[in-house]
There are 2 protein chains.
Amino acid sequence: MNAEAHKVDVFQAVADPTRREVLQLLSESSQSIAELSSHFDVSRTAVVKHLNVLTKAGLVRGEKNGREKIYYLQPEPLQELKDWLAYYEKFWYNKLAKLKYAVENDTLNK
Amino acid sequence: MNAEAHKVDVFQAVADPTRREVLQLLSESSQSIAELSSHFDVSRTAVVKHLNVLTKAGLVRGEKNGREKIYYLQPEPLQELKDWLAYYEKFWYNKLAKLKYAVENDTLNK
DNA sequence: ATTATATAGAACCATATGGTGTTATGTCAA
DNA sequence: TTGACATAACACCATATGGTTCTATATAAT
């Protein structure tokens with residue numbers, strides 16, 4: 001399988017809480033599958049499956065090192081998420097602005 | 001079911017492409033279920049299911065209006081996503097900074 | 001050489017998910 | 001009041017997802 005091919009949507013990849021925890025751990029330090037698995041209740045196989053999903057989303061990269069495989073965070077695909085969010089920010093900031101206005105008005109009318 | 005109770009994770013809610021399209025449409029204008037469904041290939045029942053998920057995530061709100069039910073975008077829960085992303089931004093911006101540095105160095109060495 | 005360690009991969013399983021169609025129920029209009 | 005319209009609710013289905021265990025292979029250490 002080609003790790004470069006983003007076969008998994010970043011939204012999908014990030015939807016699972018375990019995968020988000022994997023990303024968190026890898027952001028603190030690159031580590032082997034064994035090390036990573038020690039932080040979870042689920043089996044090593046399950047962790048590997050999550051790593052595969054994250055790899056296909058381009059969010060992590062695994063490098064063989066002797067008999068270990070070290071995984072690294074690769075955060076760039078999160079940019080897509082950020083761009084998506086940027087569009088919606090104006091909507092909730094507008095709402096907050098309206099709320100602020102209403103609150104200030106109420107205060108003035110007292 | 002209590003629409004206020006965020007029973008569905010915002011990451012999960014946003015993971016589905018159809019649901020993202022629903023959010024997009026609602027950001028353009030609030031509209032009824034029938035109106036919304038007309039934009040999709042899937043059945044109205046399927047769209048309603050997606051609306052239920054989005055409602056449980058607090059991302060939309062439906063208001064009965066006569067025999068119609070109008071849905072509105074409610075973008076505030078996206079803040080959670082934004083906060084989550086903010087943590088990772090430093091990682092990819094660091095990487096970009098490093099790349100920029102390398103590129104500039106190569107240029108200088110020519 | 002032999003044993004222990006680290007990962008890979010296959011086979012399997014239960015439940016969640018996204019979809020369907022059909023049947024009520026409530027509301028507007030003629 | 002009758003028919004058309006909009007939504008609600010139910011029953012059902014196929015596949016995806018997240019998980020398991022067991023087996024195989026490659027590398028390190030004794």
Side-chain angles (χ1 to χ4, degrees), chain A residues 1-3 5-26 29-73, chain B residues 1-3 5-26 29-73:
Chain A
M1 298 217 186
N2 180 5
H6 289 208
K7 293 174 176 176
V8 171
D9 190 273
V10 66
F11 288 88
Q12 181 67 26
V14 141
D16 183 90
T18 303
R19 284 198 288 270
R20 288 200 297 276
E21 212 175 326
V22 168
L23 293 178
Q24 172 66 43
L25 287 166
L26 290 181
S29 73
S30 305
Q31 53 199 288
S32 71
I33 297 176
E35 248 178 307
L36 266 175
S37 304
S38 72
H39 296 309
F40 297 95
D41 285 338
V42 298
S43 72
R44 175 175 310 204
T45 309
V47 172
V48 170
K49 284 191 179 182
H50 284 305
L51 284 169
N52 289 340
V53 173
L54 289 169
T55 302
K56 283 181 194 156
L59 285 166
V60 305
R61 169 180 43 98
E63 265 177 27
K64 253 195 75 180
N65 182 295
R67 65 180 158 185
E68 290 187 322
K69 191 167 180 184
I70 310 295
Y71 272 88
Y72 300 85
L73 180 68
Chain B
M1 300 216 184
N2 181 6
H6 290 207
K7 292 175 178 176
V8 171
D9 191 271
V10 64
F11 289 88
Q12 181 65 29
V14 142
D16 184 272
T18 304
R19 283 197 289 269
R20 288 202 295 279
E21 212 176 325
V22 168
L23 293 178
Q24 172 67 43
L25 288 166
L26 290 182
S29 72
S30 305
Q31 51 198 288
S32 71
I33 297 175
E35 248 178 307
L36 267 175
S37 305
S38 73
H39 297 310
F40 296 94
D41 283 339
V42 298
S43 71
R44 175 175 309 203
T45 309
V47 173
V48 169
K49 282 193 180 182
H50 284 305
L51 284 169
N52 289 339
V53 173
L54 290 170
T55 302
K56 283 181 194 156
L59 284 166
V60 303
R61 169 179 43 98
E63 265 177 30
K64 254 196 72 179
N65 183 294
R67 65 182 159 183
E68 288 187 324
K69 191 166 179 183
I70 310 295
Y71 272 87
Y72 300 85
L73 179 68

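None of the values given here were measured: they were computed from a predicted structure. Residue numbering restarts at 1 for every chain, and letters A, B, ... go by the order of the sequence lines.
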Distances under 3.5 Å only, N/O to N/O: pair up the protein atoms with those of nucleotides 3-9 of chain C.
from, atom 1, to, atom 2, distance (Å)
C/dT5, O4', A/Arg67, NH1, 3.4
C/dT5, O2, A/Arg67, NH1, 3.3
C/dT7, OP1, A/Ile33, N, 3.2
C/dT7, OP1, A/Lys69, N, 3.3
C/dT7, OP2, A/Ala34, N, 2.9
C/dT7, OP2, A/Arg44, NH1, 3.2
C/dA8, OP1, A/Lys69, NZ, 3.0

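The shortest heavy-atom contact between A/Val14 and A/Arg20 is O-NH1, 2.8 Å. Scanning both residues, B/Gly66 and B/Lys64, for their nearest heavy atoms gives O-CE, 3.5 Å. In terms of heavy atoms, A/Ala13 sits closest to A/Leu59 at CB-CD1, 4.0 Å.
Between B/Ser43 and C/dG19 there is no side-chain polar atom (N or O) within less than 4.0 angstrom of OP1 or OP2.
Residues of residues 10-24 of chain A having a heavy atom closer than 4.0 Å to DNA chain D, listed by number: A/Gln12, A/Asp16, A/Arg19.
Residues forming a salt bridge (Lys or Arg N to Asp or Glu O under 4.0 Å) with A/Arg61 (at least two apart in sequence, or on another chain): A/Glu63. Judged as a side chain to side chain donor-acceptor pair (under 3.5 Å), and not counting sequence neighbours, the contacts of A/Gln24 are A/Glu28, B/Tyr87. Considering only residues two or more places apart in sequence or on other chains, B/Ser30 meets the side chain to side chain contact (heavy atoms under 4.5 Å, CB included) condition with B/Ile70, B/Tyr72.
Looking only at side-chain heavy atoms (C-beta outward), B/Leu26 and B/Leu36 come within less than 4.5 Å of each other.
When the nearest nucleotides of DNA chain D are assigned to A/Val42 and A/Gly66 by heavy-atom distance, the more 5′-ward of the two goes with A/Val42.
Residue A/Gln31 holds its CD atom at 10.5 Å from CD of A/Glu68, rounded to the nearest 0.5 Å.
Where DNA chain D meets chain B (any atom under 4.0 Å from a heavy atom), the bounding nucleotides read 5' to 3' are D/dA4 to D/dC10.
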Distance-only donor-acceptor hits, side chain of residues 39-51 of chain B, under 3.5 Å, sequence neighbours excluded:
from, atom 1, to, atom 2, distance (Å)
B/Ser43, OG, B/Ala46, N, 3.2
B/His50, ND1, B/Arg19, NH1, 3.1

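Across the protein-nucleic acid pair, A/Lys49 atom NZ and C/dC12 atom P stand 13 Å apart, rounded to whole Å.
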